[in-house]
There are 2 protein chains.
Amino acid sequence: MMSSSNECGTVFIVDDDASVLKGISRIVRLAGYEAVTHTSAEEFLHQAKPSSPSPCCLVVDLTMPGMGGLDLQQRLIDTGTNCPVIFMSGNGSIPATVQAMKRGAVTFLSKPFDHDDLLQAISEALGKQMSVENQSRRVIEIRQRIRNLTDREKEVMGWVISGMLNKQIAARMGIVEKTVKVHRARVMGKMQTQSVAELTRLCADAEFPPNR
Amino acid sequence: MMSSSNECGTVFIVDDDASVLKGISRIVRLAGYEAVTHTSAEEFLHQAKPSSPSPCCLVVDLTMPGMGGLDLQQRLIDTGTNCPVIFMSGNGSIPATVQAMKRGAVTFLSKPFDHDDLLQAISEALGKQMSVENQSRRVIEIRQRIRNLTDREKEVMGWVISGMLNKQIAARMGIVEKTVKVHRARVMGKMQTQSVAELTRLCADAEFPPNR
DNA sequence: TATGCTATTGGCCTTTGGTCCAATAACCGG
DNA sequence: CCGGTTATTGGACCAAAGGCCAATAGCATA
């Protein structure tokens, strides 16, 4: 449970070979990371808990009985699990490497590999994870605010960030300008923005599109 | 000079083996693309003309006398040349594949490869090229408008898209509000925008940051 | 020196945006 | 039927943004 000293990330390791798990686990722990091992992709999927406190990444073998590394990676993508993947392989093929990298793998290590290469990949993965995680957290926050808007308010916001005047918005929505002002004010309040510029950026980040 | 019929893209092919050039060239032309061959990376760099009319991509061998495929790819990146790269290799290594993909290669084909794999890769590359090119064209357009702004106008724009009021901007710049209004009006004119929301999006796309 | 561009400011007036207080109406779950 | 939420509108008022016309000053280049 307790890692060595400085808690700077969790590394999930998945390989059907117990000795490999043991070896990599040792390397990872010595570098100050927490290591969690699994002997199959299925086991990992059942037990893995999403990253809450510290960033994490996954070191996985390409070929395993049952679900392989590529399948696992695809599964993570499908379930929206944001966790960088580092591949290992004894007899990896170029096509497998291409596919893994296309899907966003951090790197693809051929066994046997240098310990430093692994640690460097882990460092890169955790760094990437952290920045993506930060961005993701922000987007989730913004979307939460948007969910607190009523349909009418969302509609008005869409027009506002498209640069329409209150008068024009009112015309399009078939209501009076005064009503638009009210909705607009509520939008700014709920979105916690002080200006249209800010609001525009928030919506862009949350992929909330302007109305045509 | 004249390609077969439908001009839907140019494929630059670089390989030191003339027979390979000939073979691939034939496949590419039969698929309706224009093929341009070079026997070395150096030769390509000297003679290549940037894409003006039709989209283009590059099919390059990994290992060649002199500058290799990876070196060529790096060179293109360094010079800001936006051209998708497809790698070919007879005896490619995993590390080379990883590096190529990390730098944005479309794919990495092991010789001998299926003709359809190559054509699919080319199709993907040209599609990518086109969308990137469109986006890039837009950004260049916006930056051109920004270049037409005077320093003072740029400064005001930075404050405007950060959501500041004219009064606040005036205070920060040590000038009168009236002057800010004038600059602001010129900014909206030169940037061809009708609203702060629009302006904010243009600046975001052109990576022109709001003032702190 | 003259001309042109830029920055700066003033006044005046109109349009827009935003706030406060208040009120009506529809709808929904208890 | 009542209380809570949402949508809607009104009036009064103030602040902010923009347009139009005009003017001064510094600077660089022809």
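Per chain, numbering begins at 1; letters A, B, ... match sequence-line order. Note that these values count all heavy atoms, side chains included, but never hydrogens, waters or copies made by symmetry.
- For A/Arg26, the CZ atom is loosely surrounded, since the number of other residues' heavy atoms within 6.0 Å does not exceed 12.
- As rounded to whole Å, 12 Å separates atom C1' of D/dT9 from atom CD of A/Glu177.
- If you take CG of A/Asp151 and P of D/dT5, they are 17 Å apart, rounded to a whole angstrom.
- For the side chain to side chain contact (heavy atoms under 4.5 Å, CB included) test with A/Asp61, the passing option among A/Leu21, A/Val20, A/Asp16 is A/Asp16; the others fail.
- Every residue two or more places apart in sequence or in another chain that forms a ring-ring contact (aromatic ring centres under 6.0 Å, His included) with A/Phe44 is listed here: A/Phe12, A/His38.
- The shortest distance between side-chain heavy atoms of B/Arg29 and B/Val11 does not fall below 4.5 Å.
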**Item:** Working for salt bridge (Lys or Arg N to Asp or Glu O under 4.0 Å), residues B/Lys102 and A/Glu124
**Value:** CA-CA 12 Å; B/Lys102 270 196 182 181; A/Glu124 182 187 339; 3.2 Å; yes
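- If you take NZ of A/Lys178 and P of D/dA12, they are 12 Å apart, rounded to a whole angstrom.
- No side-chain heavy atom of B/Met64 sits less than 4.5 Å from a side-chain heavy atom of B/Ser40.
- In this structure, the side chains of A/Met88 and A/Ile24 come closer than 4.5 Å at one or more pairs of heavy atoms.
- At the phosphate of D/dA7, OP1 or OP2 sits under 4.0 Å from a side-chain N or O atom of A/Thr150.
- For DNA chain C, the contact window with chain A, defined by any atom under 4.0 Å from a protein heavy atom, covers C/dT16 to C/dC20 in 5' to 3' order.
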**Item:** Base-contact (B) and sugar-phosphate-only (S) positions in nucleotides 22-29 of chain D, heavy-atom cut-off under 4.0 Å, - elsewhere
**Value:** --------
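- The residue from A/Gln135, A/Arg138, A/Arg143 that alone fulfils the side chain to side chain donor-acceptor pair (under 3.5 Å) condition with A/Asp205 is A/Arg138.
- With a 6.0 Å radius and a threshold of 12 heavy atoms from other residues, nucleotides or ligands, A/Asp78 has its CG atom above the threshold.
- Every pair passing side chain to side chain donor-acceptor pair (under 3.5 Å) that includes a residue from residues 185-194 of chain B is listed here, sequence neighbours excluded: B/Glu153-B/Lys190.
- The shortest side-chain heavy-atom distance between B/Leu149 and B/Arg145 does not fall under the 4.5 Å cut-off.
- Note on A/Thr179: every side-chain N or O is 4.0 Å or more away from OP1 and OP2 of D/dA7.
- For A/Glu155 and A/Arg152, the salt-bridge test passes: some basic side-chain N is under 4.0 Å from an acidic carboxylate O.
- Ionic pairing of B/Arg201 and B/Glu198 is not present here: no N-O contact between side-chain nitrogen and carboxylate oxygen is shorter than 4.0 angstrom.
- With rounding to whole Å, B/Lys181 atom NZ is found 10 Å from D/dG19 atom P.
- Against DNA chain C, the stretch residues 164-176 of chain A makes heavy-atom approaches under 4.0 Å through A/Leu165, A/Asn166, A/Lys167.
- Taking every heavy atom of residues 183-191 of chain A and every atom of DNA chain C, pairs under 4.0 Å involve A/Arg184, A/Ala185, by number.
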